[in-house]
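Structure first, commentary second.
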Amino acid sequence: MTNETDQQSDEATAPTIDALIAERRRKRETLAEQGFDPYPSRFDRTALADDLQERHAGLEKDTRTGEQVRLAGRVTAVRRHGKLSFATLADASGSIQLLLQAAALSDQAAAVLEAVDLGDWIGAEGEVITSRRGELSVDATELWLLSKALRPLPDKWHGLTETDTRYRQREVDLLANPDSRRVFDIRFKAIAAMRRHMESEHYVEVETPILQLQAGGAIARPFSTHSNALDIDLHLRIAPELYLKRLVIGGYERVFEIARNFRNEGISTRHSPEFTALEAYRAFGDVTDGMDLTEALVAGAAQAAIGRFGVAFGDSEVDLTPPWPRLALLDLLEERLGVRVHPTDPVDDLRGVCEAHGVTPNPEWGPGKLVFELYDQVLLPGLVAPVFVCGFPVEVSPLARHTADDPTMADRFELCIVGREFANGYSELNIPEEQAARFEVSAAAKSRGDDEAHPADLAFVRSLQYGLPPTAGIGVGIDRLIMLLAEVEAIRDVILFPMLRPESTE
RNA sequence: GCGCCCCUAGCUCAACGGUGGAGCACCGGACACUUAAUCCGGAGGUUGGGUGGUUCGAGUCCCCCGGGGCGCACCA
């Protein structure tokens, strides 16, 4: 921290916070003047709070264990009683009480106790005991200030509620709000579990380009940037799909990437401009293997992250216990609409069905897109319990293999839970000529100004000409899965540092 | 992009259009078993910004700007 930065913040904030910071600085300087380093370079700890709590659970009150420990963490509470004080020390594992008797403290410990503020990082050494009231404590004889919190932490009881500050200063949110920690612990446990599962299935984790000449693999508007060295415009990836399939062509028969994707589109409770997806490709598999993998990943993530299959989301209670039904889209639509639709139906008929169910058809939409919109707007919202919806129109699946007996439908599934889509997968289209033809159609649409068309990627077609084996591919929306598991409704609550407008300078 | 709502001390919240308060945190003091410690005293404010408007008087009503939230539209 430089003086320049300090001065800036001094000018930018109200005088009272400056007074609070100045007071904490004064305490730090006092410690330094007494010869105690306020910023030691390291600290060796020998115990974690939760480990002590577990090992000494149920101990009688007023017990001395004889066990000497060194702890480190943040001070979250101090209760001073003249010559006896108590402090709560919180580390990454949990928290434990420090018992601080003036007569037992070293000179440094006494000075640190005098100078300590809520939020400071400290180290403590002492014997594990229980207090007269029976609380497990460390009867400290030594204290070290490890780093001072110059800024006061949010109210320990009420935490931090302003969402703006919670997102902009996530570190403060994390240390003030246990529920925020809970959500991100779920996130990281879920992702770790999925990674373990992929590893156990012998998938190789790979990294593919984020900066791409052409943003392919999905249908979305990309972010743009520029390479100075090459003097070319580039796009941030909207999906890793095409590169992952090229790796399968190259001989990596099972690959996956936990990929940050970027889409220059609307921001909402459910949409973040950068979001995380797990994409996986498995040679010699088809859409059925994709569903098996998806089911194992999601169920395994739930088990690892929250230890149960039941979740309450919004007004819904859902049971994620596998297996989940695999039902044909066209059957589900027939059941829901009372009429059987198919991409080969006359467009006007399909438009009529749309209108009858409150879907306003866009004149540009072909029959496949009309069927898809019926699914998306009419069927999907009612799919609460987990279900694999199988079989989607080729028209809206430009990279998926068509069904053996129906050239207008693709071997593709979507996983639907609580009326939302959580995963998507298909048997990959591996016939170069057919892929080229699909690109031609979509590129023509794109040149007519259709933003929703997939761009033609000739390099990818060339790759397919070297031979993509039969391959199953899946994509799982990680952020939305975490929302479901953590039972939170805003995508920003599961992203550590969500994209926000620039902070106001006023 | 459109509509509705929110922004008051470091944090959490009050204040009919009539002198901006409380709890926690902070400062000084007391206190040897507390745990949202307690008790006594004190300090802390350009009410998101606006030498915009209405009014005798604006935190409060209106307008503009900034940020955020929710809903709708696009999207996963």
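Throughout, protein chains are lettered first and strands after them, A, B, ... in sequence-line order, and every chain is numbered starting at 1.
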Nearest to the side chain of [X], which nucleotide is it out of [options]?
| X | options | value |
| --- | --- | --- |
| Asp117(A) | rC11(B), rC26(B), rG68(B) | rC26(B) |
| His158(A) | rC26(B), rU12(B), rC33(B) | rU12(B) |
| Trp157(A) | rA76(B), rA32(B), rA36(B) | rA36(B) |
| Arg480(A) | rU12(B), rA76(B), rG28(B) | rA76(B) |
| Leu84(A) | rC33(B), rC26(B), rA76(B) | rC33(B) |
| Gln101(A) | rG23(B), rA76(B), rA32(B) | rA32(B) |
| Asp155(A) | rG67(B), rA76(B), rG23(B) | rG23(B) |
| Ala490(A) | rU35(B), rC70(B), rC33(B) | rC70(B) |
| Lys27(A) | rG71(B), rC27(B), rC33(B) | rC27(B) |

In this structure, how many angstroms lie between the [atom2] atom of [N] and the [atom1] atom of [X], rounded?
| X | N | atom1 | atom2 | answer |
| --- | --- | --- | --- | --- |
| Arg25(A) | rC26(B) | CZ | C1' | 16 Å |
| Leu113(A) | rA32(B) | CG | C1' | 13 Å |
| Leu99(A) | rC33(B) | CG | P | 10 Å |
| Arg24(A) | rC26(B) | CZ | C1' | 8 Å |
| Ile495(A) | rA76(B) | CD1 | P | 16 Å |
| Ile267(A) | rG1(B) | CD1 | P | 10 Å |
| Glu162(A) | rG48(B) | CD | P | 11 Å |
| Leu500(A) | rG66(B) | CG | P | 16 Å |

Would Phe392(A) and Phe413(A) count as a close aromatic pair, with their ring centres under 6.0 Å?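 Not close enough - the centres of the two rings lie 6.0 Å or further apart.
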Are His454(A) and Phe439(A) close enough that their ring centers fall under 6.0 Å?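 Between His454(A) and Phe439(A), the centre distance is under 6.0 Å.
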Using a 4.0 Å heavy-atom cut-off across all strands, classify [X] as base, sugar-phosphate, or nothing.
| X | value |
| --- | --- |
| Ser272(A) | base |
| Tyr167(A) | sugar-phosphate |
| Gly159(A) | sugar-phosphate |
| Arg420(A) | nothing |
| Glu135(A) | base |
| Thr163(A) | sugar-phosphate |
| Gln97(A) | base |
| Lys156(A) | sugar-phosphate |

Do Asp139(A) and Gln101(A) have a side chain donor and acceptor closer than 3.5 Å? yes
Assess the side chains of Tyr375(A) and Glu414(A): does a donor N or O sit below 3.5 Å from an acceptor N or O? yes
Residue pair Glu428(A) / Lys245(A): nearest heavy atoms and the distance that separates them: OE1-NZ, 2.6 Å
Can you see which heavy atom on Ala486(A) is nearest to which on Arg182(A), and at what distance? O-NH2, 3.0 Å
Quick one: on RNA chain B, does Asp164(A) or Glu274(A) contact a more 5' nucleotide (nearest heavy atom)?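 Whichever sits nearer the 5' end wins; that is Asp164(A).
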Given RNA chain B, 5'-ward residue of the pair Glu414(A) and Thr161(A), judged by closest heavy atom: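 Final value for this comparison: Thr161(A).
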Roughly how far apart, to the nearest Å, are [N] and [M] at atom [atom1]?
| N | M | atom1 | value |
| --- | --- | --- | --- |
| rC4(B) | rU54(B) | C1' | 25 Å |
| rG23(B) | rA43(B) | P | 14 Å |
| rC56(B) | rC7(B) | P | 28 Å |
| rG3(B) | rG17(B) | C1' | 28 Å |
| rC62(B) | rA9(B) | C1' | 28 Å |
| rC61(B) | rG18(B) | C1' | 15 Å |
| rC5(B) | rU46(B) | P | 28 Å |
| rC24(B) | rA36(B) | C1' | 8 Å |

For salt bridge (charged side-chain N to carboxylate O under 4.0 Å, His left out), just list the numbers for Glu29(A) and Arg26(A), CA-CA rounded to whole Å, side-chain angles, deciding distance to a tenth of an Å, and then say yes or no. CA-CA 5 Å; Glu29(A) 304 322 323; Arg26(A) 184 188 65 74; over 6 Å; no
Is a donor-acceptor pair below 3.5 Å formed from side chain His81(A) to base rA32(B), judging by atom type as modelled?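 Side chain to base: no pair below 3.5 Å.
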Using a cut-off of 6.0 Å, state whether more than 12 heavy atoms not belonging to Arg170(A) lie near its atom CZ.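 Atom CZ in Arg170(A) is packed in, count exceeds 12.
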I'd like to know whether CZ of Arg282(A) has more than 12 heavy-atom contacts from other residues, nucleotides or ligands below 6.0 angstrom. yes
Does Arg168(A) make a side-chain N or O approach to OP1 or OP2 of rG68(B) shorter than 4.0 Å?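 It does, given that an N or O in the side chain of Arg168(A) lies less than 4.0 Å from OP1 or OP2 of rG68(B).
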Under 4.0 Å: is that the gap between some side-chain N or O of Thr269(A) and OP1 or OP2 of rG71(B)?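 Result: yes.
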Hunt down the Watson-Crick or G-U wobble partner of [N], both distances under 3.5 Å, from any strand shown, or write none.
| N | value |
| --- | --- |
| rA37(B) | none |
| rC72(B) | rG1(B) |
| rG48(B) | rC65(B) |
| rC13(B) | rG21(B) |
| rA43(B) | none |

With centres under 5.5 Å and planes under 30° as the test, does Phe86(A) stack with rA37(B)? no
